[in-house]
2 protein chains.
Amino acid sequence: MVTIADVARHAGVSPSTVSYVLSGKRAISAATRERVEASIKALGYHPHAGARALASSRANVVALVLPLRTDMHVPILLQIAMAIVTAARGHDHDVLLLTNDEGVEGLHRVTRSALVDAVVVMDVELHDPRVPVLRELGLPSVLIGFPADSAGLTCVDLDFAAAAGMCVDHLADLGHTAVALVGPPAGVLERGTGFARRTVAGFEEAAARRGLRAVVRSCEPSHEAVQATAKELVAEHPEVTGLVVHNEPAVPPLLQALRELDVAVPRDMSVVALGPKELAAQVTPAPAMVPIPAEEMGRRAVELLMDKLNGRDVPDATLIPPSLLPGHSTAPPPSRT
Amino acid sequence: MVTIADVARHAGVSPSTVSYVLSGKRAISAATRERVEASIKALGYHPHAGARALASSRANVVALVLPLRTDMHVPILLQIAMAIVTAARGHDHDVLLLTNDEGVEGLHRVTRSALVDAVVVMDVELHDPRVPVLRELGLPSVLIGFPADSAGLTCVDLDFAAAAGMCVDHLADLGHTAVALVGPPAGVLERGTGFARRTVAGFEEAAARRGLRAVVRSCEPSHEAVQATAKELVAEHPEVTGLVVHNEPAVPPLLQALRELDVAVPRDMSVVALGPKELAAQVTPAPAMVPIPAEEMGRRAVELLMDKLNGRDVPDATLIPPSLLPGHSTAPPPSRT
DNA sequence: GTGAAAGCGCTAACAG
DNA sequence: CTGTTAGCGCTTTCAC
């Protein structure tokens, strides 16, 4: 193995000088710096991570706690996770992947053993058992999502309430007067997943503000369930001419179901989706949508973490403002004749 | 921080004794062991990962290289990744997550810096640039998937050829005489993804062996493409009464398309799917399928890695035998009257 | 602007 | 069966 001493010898300097060239923690003459950097390259030197962690008490690794639930939309989860890895690398950190089945104990372990020096927790629930642990962990953490009590925690998420409101506003602006929300499976709501509730709240609030009639439905992602929901909505709420869909896998079968019911999109029914932007390419007509900014969520989470690691103050809540991507799935409501 | 010296003092023994209790590398009297373990628990001691790595030159961390391509079925990727984490934890190892956009350089970095002591590479292509690097890395690695030249490498994968063959045999056993394979998007094949090609080969080989007429189609996952494929197959190959689908997201729209074409499943058309077993619960009729054993793939990969880390010999190729899960999507072909 | 040297916490000889 | 001790490779005072 190539050590810092090898580099020092090769460059004709002391090990500490090599260390300082690497860390930039003190001024080095240009000549020395160049010699050292040349030696580093020539020898293919990479500092030993363990030794560095031991001496500096900084592992330069962040933990990513990633629960795997079947009712979450997995591609988004992975997109966020990968964005976190990429962003962390940009700050010279690596990412250790933790599942939740080791439980809260896993957090204690990687923390106490100084394997990591910060933690990102994904898919946070309202009453998440990991939250109290984070508070007492004594090292920086960022949550993706909001628990019921987020006091003293740093949380990042899309502003789902505003996103739902934006969808409603879009429909209201087009002249719709009755709208429905097709939400995630009931289980997601019951489990107390914050974003699902915030979407519902934002939807209802915006509808009230705009004076629209509003209907809310949960929906399992199976083809049958979606079909049934569509049929019900059309039958029981013929006044509804605009749909907000916050349930990624339901979008293709929903459009299909509407087609079968002879409800043309967007002529008879406008549809706005809340989901990964890839969705737009997968169905016809390409839906108007509020994309879930996975990359930005990951990046912001890491930036907050780095700020905390560097002793900077950070805001408790980071709500990423939504944006509406135009599509071909919305139009003014059919005129009542 | 609680150190090994603190534990030693608390238990009235030397630090090395604590170390040996932890590692089990030499005999310890029951009395001493108990005292030490009690102290460890009492103080909440966790060995410092960096210090341990430095002294033992074993980081107890494996790298997981996870490319994120949109044309791969993401949920399966994540299932395998999580299985790897769980399995690694069972062997007292953690998992460092690497993306591929740091490139091959990332492998060098985590390896040279002794951040990890083994590597798992997922979603291997036939001519994968990571493969030559793995050969020269000088530390244990396992690939999930097979490159074109797997000599000297340790690879794990589902036996896709056998899986496709199993699907064909199932259809042949029911009396079908003409079958079609609806495969993944053309891009996956062109990119040289091994498993896609092995499925096609296994499909054709089995069809030939059983004397069946065989048709092969690539298919994009979009609703329209699937619909077009279904229409084409039915129109151009009316003799085909059995479908093997190796394209997870295409299954729901394919069944839907068949319904629209008045082709009843399984009365007029039998369908066997190759994909995650969760698929069975999502569509009606629940398809007969060969599930992709994500958990087993992850577990086997880690077991092989641990064997290599412990100097044991391991087989080059591990092909996991497929199994056929019964469903309600297959039946004898309609009798020609 | 640079060097010398004292640890960081642990493992693994070596010694008994 | 247990203790003593010399590093592992790096960072960071302290000294010049």
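Chain letters run A, B, ... following the sequence lines, proteins first, then strands; residues in each count from 1.
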If I compare all heavy atoms of [X] with all of [Y], which pair ends up nearest, and what's the gap?
{"X": "A/S141", "Y": "A/K308", "answer": "O-NZ, 2.9 Å"}
{"X": "B/A118", "Y": "B/L305", "answer": "CB-CG, 3.7 Å"}
{"X": "A/I4", "Y": "A/P15", "answer": "CD1-O, 3.6 Å"}

Worksheet entry | B/E125 with B/R130: basic N within carboxylate O range, under 4.0 Å | no

Worksheet item: Using 4.0 Å as the upper bound for N to carboxylate O, is an ion pair formed by B/E303 and B/R299?
Response: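 Result for this pair is yes, salt bridge flagged.
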
Fill in: Members of residues 32-40 of chain A that approach DNA chain D, where some heavy atom sits under 4.0 Å away
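Nothing qualifies; none.
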
Working to the nearest 0.5 angstrom, can you tell me the gap between [X] [atom1] and [Y] [atom2]?
{"X": "A/L107", "Y": "A/L134", "atom1": "CG", "atom2": "CG", "value": "6.0 Å"}
{"X": "A/R58", "Y": "A/L309", "atom1": "CZ", "atom2": "CG", "value": "5.0 Å"}
{"X": "A/L78", "Y": "A/I84", "atom1": "CG", "atom2": "CD1", "value": "11.0 Å"}

Discussion item. For nucleotides 6-13 of chain C, give me one character per nucleotide, 5' to 3': B if any protein heavy atom sits under 4.0 Å from the base, S if the only such contacts are to the sugar-phosphate, - if neither.
Written reply: -BBBBSBB

Item to complete: Please name the residue in the list A/I144, A/D157, A/L143, A/V65 that meets the side-chain contact (heavy atoms from CB on, under 4.5 Å) test with A/V124.
Response: A/L143

Worksheet item: Can any side-chain N or O of A/S113 pair as donor or acceptor with the backbone N or O of A/R109 at less than 3.5 Å?
Response: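 At least one qualifying donor-acceptor pair exists.
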
Worksheet item: Taking OP1 and OP2 of C/dA4, is either one under 4.0 Å from a side-chain nitrogen or oxygen of A/S14?
Response: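 Answer is no, no contact under 4.0 Å.
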
Worksheet, complete the sentence: Rounding to the nearest 10°, end axes of the helix from C/dG1-D/dC16 to C/dG16-D/dC1 built from five pairs each make an angle of 30°

